[in-house]
2 protein chains.
Amino acid sequence: MYKNLMYICNSKYRMKMKNSQLYKGSLNTIILKLLEENGKMYGYEITQKVKAITLGELNITEGALYPALHKLEAEGLLDVEIERVDNRLRKYYKLTETGTKETMNRLSELEDFIRNMQSLVNPKLEF
Amino acid sequence: MYKNLMYICNSKYRMKMKNSQLYKGSLNTIILKLLEENGKMYGYEITQKVKAITLGELNITEGALYPALHKLEAEGLLDVEIERVDNRLRKYYKLTETGTKETMNRLSELEDFIRNMQSLVNPKLEF
DNA sequence: TTTAATACCTAAATTAATTATGTATAAGAA
DNA sequence: TTCTTATACATAATTAATTTAGGTATTAAA
């Protein structure tokens with residue numbers, strides 16, 4: 001019974017995110033790019049990596065991450081491989097061949113997106 | 001009766017958008033920035049301006065734009081002023097004082113967002 | 001005279017993400 | 001040694017932005 005209490009208490013320590021609206025729609029691109037960069041990663045590792053790279057500014061929620069990974073896997077962009085480390089489960093994801101190609105497309109879209117957003121907010125540089 | 005036919009036919013010419021997922025969440029920032037830049041604008045003008053600046057890459061849908069404008073107005077960030085030009089209605093929007101301040105915040109968030117996304121996809125430049 | 005462009009609007013459906021849980025092991029602090 | 005935190009997976013209900021698909025009306029162009 002005190003196990004249940006632990007869960008209740010533990011839930012209090014879970015960080016709430018108030019990420020800017022802007023990050024909506026960028027999660028898949030981030031996942032794909034990190035996997036392309038690092039070969040294989042597991043979910044929790046991705047959240048920590050993103051937190052580190054963005055200096056704590058972007059915190060991916062588990063509720064967003066895991067369904068996103070499952071969807072990318074279902075779409076054939078990711079392969080999964082389960083490992084047990086220290087009696088703890090880890091699901092390593094890596095890009096499939098299709099996933100590698102799609103990652104290129106997504107990164108190209110991201111470049112266009114960033115260029116367009118910069119044109120919109122900093123017109124002096126462009127016109 | 002042929003008027004109704006015109007509407008039916010006309011609907012065929014409405015462009016469908018396949019904008020990248022990445023633009024989701026950026027509409028309000030775009031609207032606020034354009035208004036800050038141009039003083040006052042009406043809805044249709046905003047869609048055309050965005051299309052021009054992004055060289056046709058970003059096409060804002062009316063179904064997204066008008067509700068967004070109404071919401072920003074309801075939140076007190078925009079003021080509206082109706083004009084009739086060539087017997088056609090135009091609703092000009094401009095930033096309120098609060099809206100001007102909020103625009104600064106949103107632009108700052110956008111800068112952070114772009115910087116973070118660039119760190120994520122181009123780690124060589126940062127690490 | 002039909003089509004396309006200008007100009008506003010909304011409602012239903014989709015969908016990504018948030019919020020709030022649940023479960024379990026290991027490490028560290030009290 | 002007990003409580004807390006960190007590691008590690010997961011899902012279900014809700015929220016909210018956007019898409020999709022309409023609707024209405026005037027002016028310009030083909």
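Lettering follows sequence order; numbering is per chain, from 1.
In this structure, Arg106(B) does not pair ionically with Glu36(B), as no charged nitrogen and carboxylate oxygen lie closer than 4.0 Å. Comment: Glu37(A) engages Lys33(A) in a salt bridge, judged by a side-chain N to carboxylate O separation of less than 4.0 angstrom.
The side chain of Glu62(A) sits closest to dA8(D) out of dG22(D), dA17(C), dA8(D). Comparing dT10(C), dA17(C), dA10(D) against the side chain of Tyr66(B) picks out dT10(C) as the nearest. Residue Tyr42(A) has its side chain nearest to dC9(D) when only dT19(D), dC9(D), dT27(D) are considered. In the set dA10(D), dT6(C), dA17(C), the nucleotide with an atom closest to the side chain of Arg88(B) is dT6(C).
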I'd like a table of donor-acceptor pairs (distance under 3.5 Å, sequence neighbours excluded) in which one partner is a side-chain atom from residues 107-114 of chain A, with atom names and distances.
| from | atom 1 | to | atom 2 | distance (Å) |
| --- | --- | --- | --- | --- |
| Glu109(A) | OE1 | Ser20(B) | OG | 3.4 |
| Asp112(A) | OD1 | Arg115(A) | NH2 | 2.4 |

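Gly63(B) comes within 4.0 angstrom of a nucleotide base, judged by non-hydrogen atoms across all strands. If you check every strand for non-hydrogen atoms under 4.0 Å, Thr47(B) touches nothing. Within 4.0 Å (heavy atoms only), Gln21(A) reaches sugar-phosphate atoms of the nucleic acid but no base atom.
Considering only side-chain N and O atoms, Tyr44(B) lies under 4.0 angstrom from the phosphate OP1 or OP2 of dT6(C). In this model, the phosphate group of dA26(C) is approached by a side-chain N or O of Asn87(A) to a distance below 4.0 Å at OP1 or OP2. Look at Thr61(B) and you'll find a side-chain N or O under 4.0 angstrom from OP1 or OP2 of dT19(D).
Enclosure of atom NZ in Lys49(A) is not indicated, since only 12 or fewer non-hydrogen atoms of other residues, nucleotides or ligands lie within 6.0 angstrom.
For Ile82(A) and dA8(D), the CD1 to P distance is 15 Å, given to the nearest whole Å. Nucleotide dT20(D) holds its C1' atom 17 Å from the CD1 atom of Ile60(B), rounded to whole Å. Straight-line distance from the CG atom of Asp86(A) to the C1' atom of dA6(D): 13 Å, rounded to whole Å.
Taking every heavy atom of residues 68-79 of chain B and every atom of DNA chain C, pairs under 4.0 Å involve His70(B), by number.
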Subject >> side chain to side chain contact (heavy atoms under 4.5 Å, CB included) assessment of Leu55(A) paired with Asn116(B) >> reply: CA-CA 9 Å; Leu55(A) 309 175; Asn116(B) 282 328; 6.0 Å; no
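With DNA chain D read from its 5' end, the first of the two nearest nucleotides for Val85(A) and Lys24(A) is the one closest to Val85(A).
A pairwise comparison of heavy atoms in Asn19(B) and Asn59(B) identifies ND2-O, 2.9 Å as the closest pair.
Membership of the apolar cluster around Leu89(B) extends to Ile82(B), as traced through chained side-chain contacts below 4.5 Å between ILVMFWY residues.
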